[in-house]
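Contents: one structure, followed by commentary.
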Amino acid sequence: MYRNENISARTKSRQAKEECFQRNIPLLNILFYLGNGFMLKKQMSALLRIFYGINEHRANDMTLDLLSYGLLIKKQATSTRTCIYVMTKFPLAIYHECSTRDSCSVKLNNRKIWNNIYRTEFLIRQAVPFMEQLGIELTLENLLGFLTDYCISIFTTENQMSVYQLYGNLYEKFPIKDKELLQSGCPRRSDFMDDYYKVTADLYCHQRNFLGYRIDDDYSGYLGIKNKLEREKDLTSSLKEYRKNYYSLFNMAAAGFFFIGIPVDRHIIIGTFDKCNNMYLKKIYENIIFIYLMLERYLGFYPKITLQVYMSDADNMSHLCYKEKEHGFDYSKQEASGFTKRESFFLNMGIPRQHWEDIQVDYFYYPLREKYNL
């Protein structure tokens with residue numbers, strides 16, 4: 001729809017593009033550091049106002065300037081006429097400190113677009129007010145530091161480097177089991193460190209064998225732990241048993257779940273976005289139970305978990321709330337099971353009844369479609 005309106009950066013001189021880049025650094029910073037290269041215009045304008053004090057009129061001028069030099073292009077966000085603004089290879093190359101030829105363009109799909117919209121809304125609605133409550137000055141640099149310091153892992157993705165960094169952050173911020181002993185070198189092994197070493201080995205292999213990096217540090221010793229865990233996986237009786245015992249932060253990120261803050265009195269908040277408008281109870285409860293068991297292995301105690309599910313479909317949200325409380329049916333006995341759908345997940349996973357209340361699920365409504373005409 002918007003292809004004919006976009007201007008190619010190739011039609012402009014390098015000097016003109018560099019000057020345009022310098023004029024509009026605040027907007028490009030928002031797009032690059034918070035949007036992974038793209039964002040809705042209204043959300044972009046809101047973040048420019050919050051972190052740079054730039055009003056909507058000036059934000060519009062900056063956007064038009066970048067479009068006119070081909071540093072931004074417009075693409076259709078959903079089936080409506082609302083569009084997203086996407087950085088082109090020229091500004092991305094400057095941020096990545098590489099040539100335009102070596103820079104990758106932003107690749108989009110429906111899941112990535114909706115994840116971006118939810119994540120940005122989360123920053124506006126929850127992260128920024130939390131910073132204000134803590135008296136933290138609202139700057140982009142402070143926001144990124146705040147997310148790391150409080151272990152709000154909304155930017156963690158399902159790749160080796162991102163998950164490797166999350167393990168490092170958890171090691172610093174969470175009460176990892178036997179941390180003092182691990183730091184002293186005894187014991188040298190733990191469930192947390194085994195998974196940490198496995199993702200380190202995965203990252204090492206990916207960088208060396210796939211990307212062709214020359215790596216001075218030798219991580220090959222971690223390959224033995226990676227191979228050990230993979231052999232143990234092969235010996236498990238079922239995928240469910242494997243996930244109960246070997247679920248990791250990589251699995252958590254791949255399933256779309258993230259941390260919202262450091263533990264407070266053994267209480268941990270987890271979040272997930274309904275990116276594809278297809279959230280269902282099995283995905284919610286199986287994953288949060290696997291995360292609960294994973295954290296018990298990592299921390300050495302059973303935490304209290306609140307899962308916050310962010311949704312933009314009010315009807316589906318009401319449906320899930322109703323289904324949680326609905327009583328299940330035992331088809332083998334052809335009678336009511338005596339347990340709600342929610343309780344049945346704990347029962348089927350073999351979670352002792354005294355721990356069923358350790359996990360609570362709350363639903364949050366984000367009226368994204370109405371607010372942004374999606």
Give the ring-plane orientation class for Tyr167 versus Tyr196, where under 30° counts as parallel, over 60° as perpendicular and anything between as tilted. parallel

Flag for Lys275-Asn110: side-chain donor and acceptor within less than 3.5 Å: no

Tell me whether the count of non-hydrogen atoms from other residues, nucleotides or ligands lying under 6.0 Å of CD in Glu19 goes above 12. yes

Would you check, one step at a time, whether the test side-chain contact (heavy atoms from CB on, under 4.5 Å) holds for Ile305 with Ile288? CA-CA 8 Å; Ile305 291 181; Ile288 199 59; 3.8 Å; yes

Using the six-membered ring wherever Trp is involved, compare the ring planes of Phe258 and Phe273 and label them parallel, tilted or perpendicular (cut-offs 30° and 60°). tilted

Can you check side chain to side chain donor-acceptor pair (under 3.5 Å) on Asn251 and Ser248, steps first, answer last? CA-CA 5 Å; Asn251 302 124; Ser248 68; 3.1 Å; yes

CG of Asp195 to CE of Met294: how many Å apart, nearest 0.5 Å? 8.5 Å

State, yes or no, whether a side-chain contact exists between Leu71 and Phe21 at a heavy-atom distance under 4.5 Å. yes

Carefully, step by step, assess Asp274 and Tyr118 under the rule side chain to side chain donor-acceptor pair (under 3.5 Å). CA-CA 8 Å; Asp274 185 17; Tyr118 271 106; 4.8 Å; no

Could you give the distance from CG (Leu293) to CG (Asp191), rounded to the nearest 0.5 Å? 11.5 Å

Going from CG on Leu147 to CD1 on Ile260, what distance comes out if it is rounded to the nearest 0.5 angstrom? 11.0 Å

Taking Trp356 for the side chain and Ile351 for the main chain, is one N or O donor matched with an acceptor at less than 3.5 Å? yes

Looking at Lys341 and Glu326, is any side-chain nitrogen of the basic one under 4.0 Å from a carboxylate oxygen of the acidic one? yes

Please tell me if the side chains of Arg119 and Phe155 come closer than 4.5 Å, counting only heavy atoms from C-beta onward. yes

Tyr171 ring centre to Lys179 NZ or CZ under 6.0 Å, with the angle to the axis within 45°? yes

Under 3.5 Å, is there a donor-acceptor pair between the side chain of Thr11 and the main chain of Ile7? no

How far does CD1 of Ile270 sit from CZ of Phe257, to the nearest 0.5 angstrom? 9.0 Å

Closest non-hydrogen atom pair, Ala77 against Ile84: CB-CG2, 3.7 Å

Counting the benzene-type ring for Trp, do Tyr302 and Tyr292 have ring centres under 6.0 Å apart? yes

Tell me if the aromatic rings of Phe339 and Phe345 count as close, with their centers under 6.0 Å from one another. no

Please check if atom NZ in Lys177 has more than 12 non-hydrogen atoms from other residues, nucleotides or ligands closer than 6.0 Å. no

Determine, using ring centers only, whether Phe32 and His96 are less than 6.0 Å apart. yes

Judged by modelled atom types alone, do Asp358 and His355 share a side-chain donor-acceptor pair under 3.5 Å? yes

State, to 0.1 Å, how close Met62 and Ile54 come at their nearest heavy-atom pair, and which atoms those are. SD-CD1, 3.9 Å

Centroid-to-centroid, Phe174 to Phe192, below 6.0 Å? no

Name of the residue among Leu368, Leu320, Thr272 meeting side-chain contact (heavy atoms from CB on, under 4.5 Å) with Met311: Leu320

Step by step, work out the side-chain contact (heavy atoms from CB on, under 4.5 Å) result for Lys325 and Arg342. CA-CA 7 Å; Lys325 300 172 184 176; Arg342 175 187 182 277; over 6 Å; no

Before giving the answer on side chain to side chain donor-acceptor pair (under 3.5 Å), spell out for Gln308 and Tyr363 the whole-Å C-alpha distance, their side-chain angles and the decisive distance to 0.1 Å. CA-CA 6 Å; Gln308 297 180 348; Tyr363 298 92; over 6 Å; no

Determine yes or no for a side-chain-to-main-chain donor-acceptor pair under 3.5 angstrom, with Asn142 supplying the side chain and Leu138 the backbone. no

Is there a donor-acceptor pair closer than 3.5 Å between any side-chain N or O of Asn24 and the backbone N or O of Cys20? yes

Do the side chain of Ser312 and the main chain of Tyr366 share a donor and acceptor less than 3.5 angstrom apart? no

Met279 CE to Asn277 CG distance, which is reported to the nearest 0.5 Å: 9.5 Å

So for atom CZ, which belongs to Phe301, do other residues, nucleotides or ligands contribute more than 12 heavy atoms lying within a distance under 6.0 Å? yes

Are there over 12 heavy-atom neighbours, none belonging to Glu370, within less than 6.0 Å of that residue's CD? yes

Got a sec: does the CZ of Arg125 have more than 12 other heavy atoms crowding it under 6.0 Å? yes

Distance-only, no hydrogens or angles: does the Asp65 side chain make a donor-acceptor pair with backbone N or O of Asp61 under 3.5 Å? no

For Leu374, is there any backbone N or O sitting under 3.5 Å from a side-chain donor or acceptor partner on Thr78? yes

Between Lys304 and Thr306, is the side chain to side chain donor-acceptor pair (under 3.5 Å) condition met? List the steps. CA-CA 7 Å; Lys304 303 285 186 180; Thr306 297; over 6 Å; no

Cation-pi, Phe90 ring and Lys17 (6.0 angstrom, 45 degrees): yes

From Tyr247 atom OH to Leu295 atom CG, the distance as rounded to the nearest 0.5 Å: 10.0 Å

Can you find a side-chain donor-acceptor pair between Ser99 and Asp102 that sits under 3.5 Å? yes

How close do Met44 and Thr63 get, counting heavy atoms only, and between which atoms? CE-OG1, 3.8 Å

Should we count CD of Glu97 as having more than 12 external heavy atoms under 6.0 Å? no

Crowded around Glu141 CD? As in, over 12 foreign heavy atoms under 6.0 Å? no

Under a plain distance cut-off of 3.5 Å, with no hydrogens placed, do Tyr164 and Asn159 share a side-chain donor-acceptor pair? no

Under 3.5 Å, side chain of Ser162 to main-chain N/O of Thr157, donor-acceptor pair present? yes

Centroid-to-centroid, Tyr310 to Tyr365, below 6.0 Å? no

Glu121/Lys371 salt bridge by N-O under 4.0 Å criterion: yes

Without swapping roles, check the side chain of Thr120 against the backbone of Asn116 for a donor-acceptor pair under 3.5 Å. yes

Does any N or O in the side chain of Arg297 come within less than 3.5 Å of the main-chain N or O of Asn245, such that one atom is a donor and the other an acceptor? yes

If you measure from the Lys or Arg side-chain nitrogens to the Asp or Glu carboxylate oxygens, is any gap between Lys198 and Asp202 under 4.0 Å? yes

